[in-house]
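One structure below.
Fair warning: this is a prediction, and the values are worked out from it, not measured in the lab.
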Amino acid sequence: MGGWAIAVHGGAGVDPNLPTHRQEEAKQLLARCLNLGISALRSSLSAIDVVELVVRELETDPLFNSGRGSALTENGTVEMEASIMDGPKRRCGAVSGISTVKNPVSLARLVMEKSPHSYLAFSGAEEFARKQGVEMVDNEYFITKDNKGMLKLAKEANSIVFDYRIPILGTCSAGAGAIESALQMNGLPIIIYAPETVGCVVVDSQGRCAAATSTGGLMNKMMGRIGDSPLIGAGTYACDLCGVSCTGEGEAIIRGTLAREVAAVMEYKGLGLQDAVDFVVKERLDEGKAGIIAVSNKGEVACGFNTTGMFRGCASEDGYMEVGIWDQD
């Protein structure tokens with residue numbers, strides 16, 4: 001075993017024109033979450049405890065698309081989803097359609113530990129949350145002024161907006177049909193590509209891996225839409241070998257079972273962690289766009305993406321630490 005390692009992400013696919021102040025805000029949040037996780041690991045918290053702790057912090061801050069600050073549905077409400085997985089016994093928990101639970105990742109862990117199931121959704125998940133006594137808030141708590149404005153722009157463009165905080169001047173008001181070379185999801189136009197799902201992966205000093213992912217989904221998404229984040233093997237996976245969290249075009253991540261693929265090529269092809277991540281990004285996304293963070297039971301940490309950038313931070317026990325956005329960071 002090579003000691004502990006941790007990685008955190010705030011989404012893959014970043015507008016190249018992202019304002020400098022927003023870049024700095026993102027880096028500061030990622031660094032804060034990394035340091036929170038590092039302190040917990042140095043205090044001998046288990047990997048599963050650390051991924052929950054870090055993702056809760058990301059859900060509480062409205063900067064990224066999870067918890068408070070989540071993207072809005074076509075009806076102007078919030079439907080959040082999250083998952084968590086503990087590598088040693090591959091225990092997992094997931095939730096979708098969450099509208100009043102302050103920290104969906106913690107509810108996902110309760111599904112894993114306090115229910116006979118692995119996945120609960122919508123009214124059933126909310127009822128389970130009430131019975132477990134978790135902190136509940138009104139749906140309005142999650143809705144920000146910025147999100148309301150971007151939902152309006154998305155509706156005017158008749159499109160799903162990925163980066164709902166950074167509209168490209170003129171694209172939204174012009175309408176989706178006027179956008180040249182628009183990216184598509186299942187044949188439908190997407191005017192700006194920069195999803196901001198959050199996630200964390202950890203291997204602790206005992207070599208135990210864990211992963212957690214949380215999101216509000218897509219701005220202007222259909223009611224009831226479920227993405228990759230709560231799907232074990234797609235957006236989140238952890239086993240004896242590694243822990244993986246994905247972000248990006250959910251439908252492509254689901255088709256490629258991306259998180260599980262990292263573990264599979266390590267196990268069956270004998271690839272190392274970074275080579276496995278690179279292989280999956282290159283070979284398993286077809287024409288999709290996504291990013292991956294991962295740790296191995298050897299204390300390695302890796303990331304990979306095929307987008308313009310990914311909000312990310314990595315650290316390991318040997319002193320390595322990096323916070324970056326762009327490919328050249």
Atom of [X], atom of [Y] and distance for their closest heavy-atom approach:
X    : Y    : value
M310 : G291 : SD-CA, 3.7 Å
A238 : C209 : CB-O, 4.1 Å
L34  : E322 : CD1-O, 3.9 Å
L30  : R312 : CD1-N, 3.4 Å
A5   : G299 : CB-O, 3.5 Å
A108 : S83  : CB-CA, 4.1 Å

Output yes when a side-chain donor or acceptor of [X] lies under 3.5 Å from a complementary backbone atom of [Y], and no otherwise.
X    : Y    : result
S39  : L36  : no
N297 : D240 : yes
D278 : F305 : no
N65  : G216 : yes
D327 : G309 : no

Would [X] and [Y] show up in the same hydrophobic cluster when neighbours are defined by side-chain heavy atoms closer than 4.5 Å?
X    : Y    : result
L110 : F122 : no
M219 : M222 : no
V111 : Y119 : no
V134 : L120 : yes
Y237 : V281 : no

Does a side-chain N-to-carboxylate-O contact under 4.0 Å join [X] and [Y]?
X    : Y    : result
R225 : E251 : yes
D61  : R32  : yes
K102 : D138 : no

Side chains of [X] and [Y] only: does a donor on one sit below 3.5 Å from an acceptor on the other?
X    : Y    : answer
T213 : T236 : yes
W326 : Q23  : yes
R68  : T144 : no
N75  : T73  : no
E126 : T100 : yes

Name the one of V301, V203, V201, V54 that satisfies side-chain contact (heavy atoms from CB on, under 4.5 Å) with I6?
V54
Taking the side chain as every heavy atom from C-beta outward, state whether [X] and [Y] have any atom pair closer than 4.5 Å.
X    : Y    : result
M223 : E79  : yes
M80  : S66  : no
V50  : E52  : no
I48  : V51  : yes
D228 : L258 : no
L53  : D49  : no
N35  : C33  : no
R42  : W4   : yes

Residues in side-chain hydrogen bond (donor to acceptor under 3.5 Å, both in side chains) with T215, at least two apart?
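So T215 forms a side-chain hydrogen bond (donor to acceptor under 3.5 Å, both in side chains) with T197.
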CA sep, side-chain torsions, deciding dist, call: S46, D204, side-chain contact (heavy atoms from CB on, under 4.5 Å):
CA-CA 6 Å; S46 67; D204 60 29; 4.1 Å; yes
To the nearest 0.5 angstrom, please state how far the [atom1] atom of [X] sits from the [atom2] atom of [Y].
X    : Y    : atom1 : atom2 : answer
K289 : T308 : NZ    : OG1   : 9.0 Å
I226 : L231 : CD1   : CG    : 7.0 Å
S106 : E113 : OG    : CD    : 10.0 Å
M112 : H117 : CE    : NE2   : 15.5 Å
S205 : L41  : OG    : CG    : 7.5 Å
I143 : T77  : CD1   : OG1   : 7.0 Å

What's the verdict on side-chain contact (heavy atoms from CB on, under 4.5 Å) for V95 and E81, showing C-alpha distance, side-chain angles and the deciding distance?
CA-CA 5 Å; V95 292; E81 47 197 27; 5.8 Å; no
Does the cation-pi check pass for R284 over F279, that is, NZ or CZ under 6.0 Å from the six-membered ring centre and within 45° of its axis?
no
Steps toward side-chain contact (heavy atoms from CB on, under 4.5 Å) verdict (F128, L107):
CA-CA 9 Å; F128 175 72; L107 183 60; 3.7 Å; yes
Could you go through V244 and I293, starting from their C-alpha distance and side-chain angles, then the distance that decides it, and tell me whether this counts as side-chain contact (heavy atoms from CB on, under 4.5 Å)?
CA-CA 6 Å; V244 186; I293 57 171; over 6 Å; no
Under the salt bridge (Lys or Arg N to Asp or Glu O under 4.0 Å) rule, collect the residues that match up with E59, sequence neighbours excluded.
none
If you count the non-hydrogen atoms of other residues, nucleotides and ligands that lie under 6.0 Å from CZ in R90, is the total more than 12?
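Atom CZ in R90 is not packed in, count stays at 12 or less.
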